[in-house]
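Since this is a predicted model, take the numbers as computed values, not measurements.
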Amino acid sequence: MAGRPGYITLPIISVLAAIGYVYYTTVFLAIPAWLGLATAAGVANAAAYTALAVACVATYGLAITRDPGRVPPAFVPDVEDAETPVHEIKRKGGDLRYCQKCSHYKPPRAHHCCVCKRCILRMDHHCIWINNCVGHENYKIFLVFVLYVATASLYSMVLIIGAAVHSAPKDEQSGSDSPRSSIIICGVILCPILLSTSILLGWHVYLILHNKTTIEYHEGVRAMWLAEKAGNLYHHPYDLGFYHNTVSVLGPNILCWLCPVSRNTGNGIRFRTSYDIPLSTSAFKKEEHLSMS
């Protein structure tokens, strides 16, 4: 179910409801059942989990509201610019990429989103869970949100398992297991959340290390197949090496990599390529025109 960007949709309500339910069960049922809220360990874990939950909600709100990146109306690619060795072209015809729906040229790595009804800078994908595209301006926020959710889910799972095991003997003696049942139900709900966010986090870490978007990964698979079929070697032009790839997305300051309010590098229109880095072979210094949709 998709809605207009900026609007509250059913998936967004579902995410907020899940965060609230897991938070309540973890802090007010699991921690008291295992550690007790009156103990130092209980207070410390409740405070730490509360801070993590607040970070999840804050980054989620930013991911929803932050514009993923608009293409400047006056953007026109300069094919004679020596500092831009890579120009993306259409698969058919070899023309520079032009969006007929938006009536402007597409910068490198930009794509048109049929849901947002406009082109998005360095578009990765459209996410129904935030009712927004994930692009140049909010990719880091989205990544940090997924990291926080995966961490909070793992943290909550540990507390829930500990509470369920610790309260089992007491429930058998008292004959009541209502809090334990609620804790177990929450643990069952957490399993797919933890699994999906962990896989999603791992996927985007892989993309960051190779300086690719989800769209570019799938396009690269096809480009690699075509290159091998023609007896050539495909090289992703934006792959600068693990460190430079990470810096291009998370920023140059390592201490701010997990800070959602810090900006990533670049303007989303021009990107460093592997051709900007001196290489030993002259083949990689030549200008390459990429076929992309």
*Is the side chain of N138 donor-acceptor paired with the backbone N or O of K140 at a distance under 3.5 Å, no angle test?*
no

*asked:* Under 4.5 Å side-chain heavy-atom separation, chaining through any Ile, Leu, Val, Met, Phe, Trp or Tyr, what else clusters with V158? Say none if it is isolated.
replied: none

_Can you list everything that forms a side chain to side chain contact (heavy atoms under 4.5 Å, CB included) with L147? Sequence neighbours excluded, please._
T151, L201, L258

*Would I64 and N131 count as a side chain to side chain contact (heavy atoms under 4.5 Å, CB included) if you check the C-alpha gap in whole Å, the side-chain angles of each, and the deciding distance to 0.1 Å?*
CA-CA 7 Å; I64 294 172; N131 191 29; 5.7 Å; no

*Please check if the side chain of D124 supplies one atom and the backbone of T213 the other of a donor-acceptor pair under 3.5 Å.*
no

*Output the rest of the hydrophobic cluster of V54: all Ile, Leu, Val, Met, Phe, Trp and Tyr residues reachable through side-chain heavy-atom contacts under 4.5 Å, sorted by chain and number.*
none

*Can you name the closest pair of heavy atoms from D239 and S274 and give their distance?*
O-CB, 3.5 Å

*Partners of C133 by side chain to side chain contact (heavy atoms under 4.5 Å, CB included), sequence neighbours excluded?*
P68, C113, C116, I120, M123, H126

*Would you check if the side chain of S156 reaches a backbone N or O of A152 as a donor-acceptor pair within less than 3.5 Å?*
no

*To the nearest 0.5 Å, how far apart are CZ in R122 and OG in S248?*
6.5 Å

*asked:* List the residues meeting ring pair (Phe, Tyr, Trp, His ring centres under 6.0 Å) with Y217, not counting sequence neighbours, and say none if there are none.
replied: W203

*Evaluate the ring planes of F142 and H125, with Trp represented by its six-membered ring, and classify them as parallel (under 30°), tilted (30 to 60°) or perpendicular (over 60°).*
perpendicular

*Backbone N or O of L209 within a donor-acceptor pair of the N245 side chain at under 3.5 Å?*
yes

_Polar side-chain atom of N132 near backbone of A63 as donor-acceptor pair, under 3.5 Å_ = yes

*Check whether V71 and Y98 end up in the same hydrophobic cluster, where Ile, Leu, Val, Met, Phe, Trp and Tyr are linked by side-chain heavy atoms less than 4.5 Å apart.*
yes

*asked:* Under the rule for ring pair (Phe, Tyr, Trp, His ring centres under 6.0 Å), what residues qualify as partners of Y23, not counting sequence neighbours?
replied: none

*Among pairs that include at least one residue of residues 51-70, which meet ring-ring contact (aromatic ring centres under 6.0 Å, His included), considering only residues two or more places apart or in two chains?*
Y60-F145

*Determine whether V144 and L255 fall in the same hydrophobic cluster, where Ile, Leu, Val, Met, Phe, Trp and Tyr are linked whenever their side-chain heavy atoms lie under 4.5 Å apart.*
no

*Counting N and O atoms only, with roles assigned by atom type, does the side chain of N211 sit under 3.5 Å from a partner on the main chain of Y238, one being a donor and the other an acceptor?*
yes

*asked:* Applying salt bridge (Lys or Arg N to Asp or Glu O under 4.0 Å) as the test, list every pair that has at least one member in residues 37-63; sequence neighbours left out.
replied: none

*What pairs with Y24 under ring pair (Phe, Tyr, Trp, His ring centres under 6.0 Å), at least two apart in sequence or on another chain?*
F28

_Test side chain to side chain contact (heavy atoms under 4.5 Å, CB included) applied to I185 - qualifying residues, sequence neighbours left out_ = Y21, I189

*Do you know the tightest heavy-atom contact between P73 and H104?*
O-CB, 4.3 Å

*Could you go through the side chain to side chain contact (heavy atoms under 4.5 Å, CB included) check for H236 and E216 one step at a time?*
CA-CA 9 Å; H236 183 58; E216 289 171 350; 3.7 Å; yes

*Hey, any chance I183 and V165 share a hydrophobic cluster, counting ILVMFWY side chains that come within less than 4.5 Å of each other, even indirectly?*
yes

*With sequence neighbours left out, write down each residue that passes side chain to side chain contact (heavy atoms under 4.5 Å, CB included) with K101, or none if nothing qualifies.*
C99, H112

*asked:* Check for me, please, whether V57 and I13 land in the same ILVMFWY cluster - side-chain distances under 4.5 Å, paths through other members count.
replied: yes

*Could you give all pairs that pass the side-chain hydrogen bond (donor to acceptor under 3.5 Å, both in side chains) test and reach residues 28-47, with sequence neighbours left out?*
N45-Y155

*Sub-3.5 Å donor-acceptor pair from the side chain of R109 to the main-chain atoms of H136, do we have one?*
no

*Counting distance only, does the side-chain N/O of W129 pair as donor-acceptor with the main-chain N or O of P11 below 3.5 Å?*
no

*Would you name the heavy atoms of Y139 and H204 that are closest together and state the gap between them?*
OH-ND1, 2.8 Å

*Does any N or O in the side chain of T197 come within less than 3.5 Å of the main-chain N or O of V146, such that one atom is a donor and the other an acceptor?*
no

_Hphob cluster co-occupancy, L52 + L194, side-chain heavy atoms under 4.5 angstrom_ = no

